[in-house]
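Counting begins at 1 with the first residue of the sequence.
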Amino acid sequence: MDNRCNCANCRRARRAQASPVDTSFDGWVVLRDLVDELLNGDAPGEALSALRRMVDDYAFDEAGEALVRAPGAVEALLNHVTDARHRETAVSILASCVRADPEECGPAARGELAEPLVDVFIEHVTALHRHGRHHENATLALLAVAECPRWALSEDDDDDSDEYTWGEDGLPRRKRRRREEDGEEADANFGAYVAAPLAAVLKCGDGDARRDALQTLASIRLESGPERPHVDYPGRSAGRCDCSPRVGRLVEAGVVAPLAAVLLRGHGPTAPDPESDEDWDETVLFALAAQCCTRLLADAKAAFAPLAAAGAAQPLARAVVAFAVAEDDDMEVFVHACDAASALFAHAATTSMVLDARGCAVQQARDDDGVLQSFLDAGAVEACVEALDHPEREERRAAAVNLLSEFCSFGDGASRVVREANGVEKFVELLGEDPDDLTETNNDLFTATARVVEGLATDDGDRADALVAAGALRPLKRAVIDSVRYVYSDRIHTASNRRRETFLRAAIAANALGNVAEHSPPPPPPPRRKGKGRGGRHLPSRAMRVAADDEQERDGDKSFVEALVFVLRLAPPRYAQPPFREALAELKTSATWCLASLCAHDGPRQVVYDADAIPPLVALLVDAENDSRYIHDFAYPGLRHSFREYAAMALHRLARVSAAARKDVATPAVISTLREFVAAEDPGTAAVARTALSELGLSVPTRTIPRRKCRRLG
């Protein structure tokens with residue numbers, strides 16, 4: 001041991017030297033002699049039996065903790081595990097030690113002894129299970145290992161090496177220094193000491209053990225050590241670290257198969273007998289399994305294919321239908337089943353970008369493994385619509401609307417949702433419910449309903465007209481305006497969680513409004529009067545109704561278009577963390593998409609131009625603030641469209657207003673960026689750049705620009 005060395009072994013030795021053996025245990029002298037007998041004696045059977053009685057008879061924690069800290073005790077017990085005569089006794093004593101003090105038995109304290117310790121428990125549990133027996137103590141030890149966060153760490157954290165950073169509330173917070181290799185080692189430890197024990201308990205444990213394992217799986221931390229860039233869907237847990245490595249470890253350990261088996265056993269009766277423990281056990285296990293599916297699928301796609309192949313969609317669909325109007329749903333089975341189904345849909349409804357005959361980029365959707373169709377066949381749409389009629393159950397309504405929003409993005413799902421809901425009025429009413437209530441439940445309900453409107457307004461003019469006629473524009477516009485109501489300068493001074501949620505809420509609303517305006521037909525001509533020329537009132541187009549504000553819609557100093565342009569100029573605080581920056585970037589993406597949709601029509605284009613939108617759009621296109629690194633996918637789920645591409649769309653459409661507008665748009669920086677976009681690998685990006693250059697009357701380059709000259713897209 002070198003006092004100047006900072007490696008893991010030397011730190012472990014210094015800690016052991018600084019922490020002498022605790023002799024306060026009443027039976028310490030006897031315990032020490034028994035450990036010596038294990039280390040040096042020829043007949044360890046009596047010593048093992050005495051240690052087992054001591055661990056069972058004395059205060060459990062005290063005896064176990066004292067035995068763990070006894071020098072050489074764990075090593076001696078591991079040596080005797082290989083002896084068939086004493087194997088069960090030694091494993092039982094080791095399990096008691098781990099249960100008493102799991103942190104002291106972890107890799108940070110025991111080093112290389114931790115892995116064989118866990119392997120002994122896993123082998124013991126699975127071997128006994130094959131013979132129809134179960135060792136409860138070893139199973140509980142595995143659960144203690146999986147639940148202890150210190151087992152998944154690569155090494156001890158030294159307070160001296162900590163650094164401080166600014167939190168979202170503006171206060172300093174401690175930030176651990178993590179190297180990339182530390183994160184990889186921590187992920188490997190997670191697979192060996194968390195994923196493998198949970199898989200063993202789920203496969204071989206009894207009902208209570210499976211329940212505890214599911215509770216652990218639903219609550220453990222899946223984020224890896226260092227932050228990694230990730231691609232996520234808009235507004236859903238922005239700023240989450242990439243969880244693919246740890247979810248992949250869970251899948252490799254075999255967690256998915258027993259998890260799907262719990263779901264396939266069924267959800268139990270919707271009204272379980274209070275006197276029947278079996279009915280409640282089935283319902284509790286199903287609810288926990290649904291929560292675990294949500295965790296695994298929301299954080300990574302590695303678990304989607306195994307769960308889909310195991311048939312997890314069918315039992316979830318049956319649970320949604322069965323518990324939609326259940327009177328007593330104490331375990332929230334309907335909510336958990338809807339959340340798991342939404343997580344499945346996020347990976348099932350994949351899209352790809354293709355070019356049509358005109359060279360325009362269009363999205364082509366497909367369903368993986370028939371997951372969405374299985375829910376439609378089971379009647380999940382009808383069940384979710386029926387659940388909306390119970391306003392007293394707020395969480396259930398929010399889960400139902402969120403699931404309906406997923407249906408609206410799939411094939412014939414949107415028309416089926418409208419048909420079962422008898423129109424769009426029900427969703428418009430949900431949008432306008434108590435707009436000043438910013439609680440988590442109401443915010444989730446509004447966001448999910450805005451996604452429904454977003455899906456209904458895509459590629460169908462009749463449904464979009466029905467939404468406008470029902471009054472869907474006003475609450476959506478208000479959400480956008482409220483996001484900048486109390487922001488008086490381009491620099492945001494407070495990066496709070498509430499403001500981040502407001503940005504995400506406004507982003508969904510602006511994206512839905514952009515979908516309403518994008519496919520708007522030209523305004524109809526005024527009706528012709530009998531015997532005279534055309535006259536009467538000129539009806540505005542759908543896009544114009546999105547851009548213009550009437551007396552009731554205008555609220556505060558900013559109009560809707562002015563609020564969108566103001567959003568483009570916003571800059572986050574210097575101490576803002578990635579979650580807040582990503583929320584602002586998503587809001588900018590949706591605002592740019594909405595402006596680009598409005599600029600596709602003559603009347604709204606003039607409104608956007610009058611709001612002085614060209615300078616901030618140019619700044620976004622050239623990425624002056626380097627915001628593209630925080631951009632993921634927003635307007636078209638499954639595609640990599642950033643606000644730079646939408647800014648290019650809006651700018652070349654604004655150039656049609658006048659020669660002065662064309663001159664403001666066709667700057668050297670804009671032209672250079674568009675020429676770089678032509679060489680992009682994404683066909684949608686290249687198509688947008690070619691269209692923009694053609695609109696500006698410039699030649700489209702035919703040769704590929706060297707990669708070293710290309711900007712990096714978000």
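If you take CD on E518 and SG on C599, they are separated by 10.5 Å, rounding to the nearest 0.5 Å. Atom CG of L595 sits about 8.0 Å away from atom CG of L654, to the nearest 0.5 Å. Taking SG from C384 and CZ from F334, the interatomic distance works out to 4.5 Å, rounded to the nearest 0.5 Å. One distance of note links CG of L297 with CZ of F304; it measures 8.0 Å at 0.5 Å rounding. How far SG of C594 is from CZ of F560: 4.0 Å, rounded to the nearest 0.5 Å. To the nearest 0.5 Å, atom CG of residue D339 and atom CG of residue L344 are 11.5 Å apart.
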Inset, instruction - Step by step, work out the side-chain contact (heavy atoms from CB on, under 4.5 Å) result for L445 and E394. - result: CA-CA 8 Å; L445 180 63; E394 296 181 355; over 6 Å; no

Inset, instruction - Evaluate side-chain contact (heavy atoms from CB on, under 4.5 Å) for F427 paired with L388, printing each intermediate quantity in order. - result: CA-CA 9 Å; F427 301 109; L388 298 180; 3.9 Å; yes

Inset, instruction - Any chance you could lay out the side-chain contact (heavy atoms from CB on, under 4.5 Å) test for Q215 and L288, step after step, and finish with the verdict? - result: CA-CA 7 Å; Q215 289 177 341; L288 289 173; 3.7 Å; yes

Legend entry - C293 and L263: CA distance, side-chain angles, deciding distance, side-chain contact (heavy atoms from CB on, under 4.5 Å) verdict: CA-CA 10 Å; C293 290; L263 294 175; 3.7 Å; yes

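Two residues are said to be in side-chain contact when any heavy atoms from C-beta on lie closer than 4.5 Å; C338 and V320 meet this criterion. At least one side-chain heavy atom of R542 sits less than 4.5 Å from a side-chain heavy atom of D465. Contact check for D389 versus K426: side-chain heavy atoms found under the 4.5 Å cut-off. Using a 4.5 Å heavy-atom threshold, the side chains of L214 and L259 count as touching. You'll find the side chain of F286 reaches within 4.5 Å of the side chain of L316, heavy atoms only. In this structure, R463 and S415 have side chains that are in contact, with non-hydrogen atoms separated by less than 4.5 Å. Within the 4.5 Å cutoff, no side-chain heavy atoms of M649 are placed close to those of E645. Side-chain contact check for V516 versus R545: every heavy-atom pair is 4.5 Å or farther apart.
Judged by distance alone, with hydrogens and angles left aside, the side-chain atoms of K477 form no donor-acceptor pair with the main-chain N or O of L513 at under 3.5 Å. With hydrogens and angles ignored, the 3.5 Å screen pairs no side-chain donor or acceptor of T447 with any backbone N or O of D444. Looking only at distances, a side-chain donor or acceptor of R653 sits under 3.5 Å from a matching main-chain atom of A596. At least one donor-acceptor pair under 3.5 Å links the side chain of R295 to the backbone N or O of A218. Proximity of a side-chain donor or acceptor of R396 to a complementary backbone N or O of V335 within less than 3.5 Å is not detected.
For the pair R416 and F407, the cation does not sit on the ring face, since its NZ or CZ is not both under 6.0 Å from the ring centre and inside 45° of the axis.
The shortest heavy-atom contact between L264 and G311 is CD2-O, 3.5 Å. Nearest heavy atoms, A302 versus V251: O-CG2, 4.0 Å. Minimum heavy-atom separation, L456 to A414: CD2-O, 3.7 Å. Taking each heavy atom of A387 and A400 in turn, the nearest pair found is CB-CB, 4.1 Å. Shortest non-hydrogen contact noted between L587 and S483 is CD2-OG, 4.2 Å. Across every non-hydrogen atom of A692 and A648, the tightest pair is CB-O, 4.3 Å.
Taking the six-membered ring for Trp and thresholds of 30 and 60 degrees, H267 and F323 have ring planes more than 60 degrees apart, a perpendicular arrangement.
Checking L568, L570, V567, L564 one by one against P616, the side-chain contact (heavy atoms from CB on, under 4.5 Å) holds for a single residue, L568. Results of the side-chain contact (heavy atoms from CB on, under 4.5 Å) test with T449 over L430, L476, I508 single out L430 as the only residue that passes.
The pair E429-R397 fails the salt-bridge criterion, with no side-chain N (NZ, NE, NH1 or NH2) lying under 4.0 Å from an Asp/Glu carboxylate O.
Donor-acceptor pairing under 3.5 Å is lacking for the side chains of N402 and E406.
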